[in-house]
Amino acid sequence: MPLQLFAMFPADLRTAIEHLPASLLETLEEIRIREERPLEIGYGGRFAFVRPDGTTTDDPRAAYRPGRETCRTLLERVTNHSLYAVEEELRRGFVTVAGGHRIGLAGRTVLEGGAVRHLRDIASFNVRIARARTGCAAELLPHLLDPQARTVRHALIVSAPQQGKTTMLRDLARAISAGQWYHPAASGWGGRKVGIVDERSEIAACERGVPTFDLGPRSDVLDACPKAEGLMMLVRSMSPEVVVVDEIGRPEDAYALTEALHAGVRVLATAHAVDLADVFARPVLAQLAQEGMFSAYVLLSRSQGRVMHRIVSAEEAADLRTRQAGRRTWAAPRDAPDAAPTPQARSPNAAEADGPVEAAGARLSIKPRPLPVIRSPSTPAKEGT
Amino acid sequence: MLKLIGAALVLFAGTMIGFVQAARFAERPRQIRHLLHALQRMETEIGYGQTPLPEALARIAQVLPPPLSGLFAETAASLQSASGGTVRDSWEKAFRSGWSATAMRPAERDAMLRLGGTLGGSGREDQLKHLRLAMHQLQAEEAAAREDQQRYEKLCRSLGVLAAALVVILMM
């Protein structure tokens with residue numbers, strides 16, 4: 001239960017939230033505070049309104065309505081009494097508070113030259129509660145391994161909002177940096193140096209530069225840094241073996257990712273999309289996919305509180321794309337030429353019987369990488385003459 | 001004999017009162033100067049470092065001499081506490097209760113209270129403007145305080161001695 005977060009609320013709001021039933025607090029996902037309007041909570045995929053004494057109701061008329069003073073105090077607290085220090089965040093519409101909880105804000109925008117310069121009269125708060133689920137990557141990580149390079153493959157984690165992308169990414173980062181590969185063949189690999197660009201301070205929830213979530217012993221976090229710039233900075237300064245970024249989607253992100261890839265760094269990224277077709281519909285992601293940036297796509301979905309994942313290899317994704325577009329124009333992925341055999345879990349007994357790395361390597365059946373056709377740049381010129 | 005001791009005590013007390021008054025006149029411009037330095041520091045913390053307000057106030061408190069450092073430290077502590085209120089309330093409480101320990105006048109206090117009402121509540125540019133406004137007001141007060149110091153500091157000192165001497169003469 002995020003007590004630290006509740007301590008931030010003004011007294012009357014805190015009373016209402018803290019008196020919620022314990023079972024409900026366990027599954028609490030969102031607290032929506034709107035000025036002069038009913039207090040709403042989202043939990044376990046459902047929503048309800050809250051009375052002043054902390055009981056839930058479906059009737060918005062009976063619910064507690066936070067007043068103007070409450071909202072102003074809340075805004076001051078979540079910005080740590082320093083609106084001037086979160087101007088950039090306000091422009092993007094959210095602030096992240098201690099503990100990695102993201103608080104979305106809505107109010108009246110102040111424009112300058114057509115661009116949003118500031119947010120004022122803030123009257124809606126959406127508190128999204130962040131939880132670390134240590135070990136949630138246990139099922140996914142073994143399928144993302146690249147046994148040849150003894151590290152992880154370039155992967156893009158895709159899902160709709162609120163399906164657990166960031167939580168998964170956080171645990172992947174932790175497992176990789178701790179060398180906890182969840183795979184018998186990888187037990188001797190050790191951890192990798194992980195660089196995390198945490199633009200929204202959600203992955204690591206840094207406090208004065210120190211992550212408050214467990215990210216393993218070999219992680220470096222660049223907090224509140226724009227992804228594109230941060231990627232380059234990390235590659236230059238911290239020599240990471242794996243970089244982790246959240247929610248890519250802008251053109252400059254793609255450029256930075258490509259640079260990182262050519263610097264020999266593995267990339268784990270997430271993006272908002274419902275399925276692969278959506279990925280290809282987003283120009284930046286489509287371009288990245290076309291260049292063969294990612295060798296695996298992970299689709300997350302959540303049902304009944306459990307996060308399910310499906311892994312699509314680059315080849316399958318390419319086929320899908322080909323079927324959509326009618327022709328195949330994809331480059332081969334650069335790290336693992338062939339995907340591991342379909343990610344059906346083998347029986348643990350078989351894995352133990354197989355023993356050390358050689359056997360596992362054979363089992364994962366890596367095909368030799370096809371050599372790309374090398375064209376000399378001067379050839380067309382010669383042909384021309 | 002007793003009379004002489006009494007006269008000496010009166011003379012001493014009168015002189016001391018004069019000196020204390022003079023010290024207040026000398027102290028006022030110095031404290032205003034310290035406040036100005038504090039605001040200048042805050043300008044840097046807000047404009048360049050974008051330090052959160054509680055932390056900025058705590059840092060300022062560390063570099064200020066005692067009666068003033070208390071004001072900032074108290075505000076910072078109140079903001080950092082779990083039940084902390086708004087900046088305006090914490091600031092006002094600290095400055096109203098702690099002001100009597102300083103040598104400054106209500107004019108400076110009002111300028112500071114006005115500043116407290118706006119601190120942390122707006123964007124960077126706006127904050128810097130408010131800080132500069134407060135600094136201008138304090139500078140004007142400082143000039144007036146220096147004038148007062150020149151005019152009254154020595155006067156107070158000699159007035160104390162002379163008044164004590166008058167009392168002694170009358171008693172004799």
Side-chain angles (χ1 to χ4, degrees), chain A residues 2-15 17-18 67-92 95-99 105 107-112 115-122 201 206-209 223-225, chain B residues 39-61 71-95 112-113 115-134:
Chain A
L3 286 174
Q4 204 189 357
L5 172 72
F6 296 160
M8 204 171 271
F9 293 165
D12 43 354
L13 189 63
R14 187 164 58 198
T15 326
I17 296 293
E18 274 180 347
R68 184 169 185 78
E69 223 20 68
T70 306
C71 286
R72 280 195 47 187
T73 313
L74 178 65
L75 178 66
E76 233 189 62
R77 297 266 191 90
V78 299
T79 56
N80 197 8
H81 310 283
S82 323
L83 272 182
Y84 58 82
V86 294
E87 274 184 295
E88 196 63 38
E89 284 93 332
L90 283 187
R91 206 169 298 159
R92 277 178 277 157
V95 292
T96 310
V97 296
L105 304 165
R108 183 189 162 89
T109 55
V110 179
L111 299 182
E112 190 176 73
V116 175
R117 199 185 120 229
H118 198 63
L119 203 56
R120 48 174 285 201
D121 302 337
I122 293 164
S201 307
C206 283
E207 234 172 299
R208 292 163 191 255
D223 191 24
C225 184
Chain B
L39 294 190
Q40 234 156 36
R41 215 185 150 80
M42 200 185 287
E43 201 178 338
T44 324
E45 296 280 4
I46 289 177
Y48 181 71
Q50 303 215 341
T51 321
L53 198 58
E55 210 181 316
L57 290 174
R59 274 191 212 169
I60 290 168
L71 302 175
F72 290 92
E74 197 183 317
T75 317
S78 155
L79 288 182
Q80 277 161 343
S81 73
S83 58
T86 57
V87 177
R88 184 202 297 259
D89 296 343
S90 311
W91 181 277
E92 203 160 307
K93 215 174 115 215
F95 273 75
M112 290 305 280
L113 287 183
L115 174 68
T118 59
L119 267 187
S122 57
R124 194 163 48 150
E125 296 293 313
D126 200 51
Q127 294 283 296
L128 294 184
K129 267 184 202 150
H130 282 295
L131 276 172
R132 294 218 179 100
L133 179 67

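Labels below follow one simple rule: chain letters A, B, ... track the order of the sequence lines, proteins then strands, and each chain is numbered from 1. Note that this is a predicted model, so its numbers are computed, not measured.
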Nearest heavy atoms of A:E76 and B:T86, plus distance in Å: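 Heavy atoms only, the tightest pair is OE1-CA, 3.1 Å.
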
Where A:L83 and B:S122 come nearest, the two heavy atoms and their spacing: CB-O, 3.7 Å

Euclidean distance, B:T75 OG1 relative to A:H81 NE2, rounded to 0.5 Å: 11.0 Å

Pairwise distance CD(B:Q50) to CD(A:E88) - rounded to 0.5 angstrom: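 Between B:Q50 CD and A:E88 CD, I get 9.0 Å after rounding to 0.5 Å.
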
Salt bridge (charged side-chain N to carboxylate O under 4.0 Å, His left out) partners for B:E74, two or more places apart: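 By the salt bridge (charged side-chain N to carboxylate O under 4.0 Å, His left out) rule, B:E74 matches no residue at all.
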
Salt bridge (charged side-chain N to carboxylate O under 4.0 Å, His left out) against A:R92, all qualifying residues, sequence neighbours excluded: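 For A:R92 the salt bridge (charged side-chain N to carboxylate O under 4.0 Å, His left out) partners, ignoring immediate neighbours, are A:E199.
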
pair A:Y84-B:D126: side-chain heavy atoms closer than 4.5 Å: no

Other residues, nucleotides, ligands: >12 heavy atoms within 6.0 Å of B:E125 CD: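 Count not over threshold, so no.
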
Best-contacting candidate, B:A56, B:G49, B:P54, against chain A by heavy atom pairs under 4.5 angstrom: B:P54

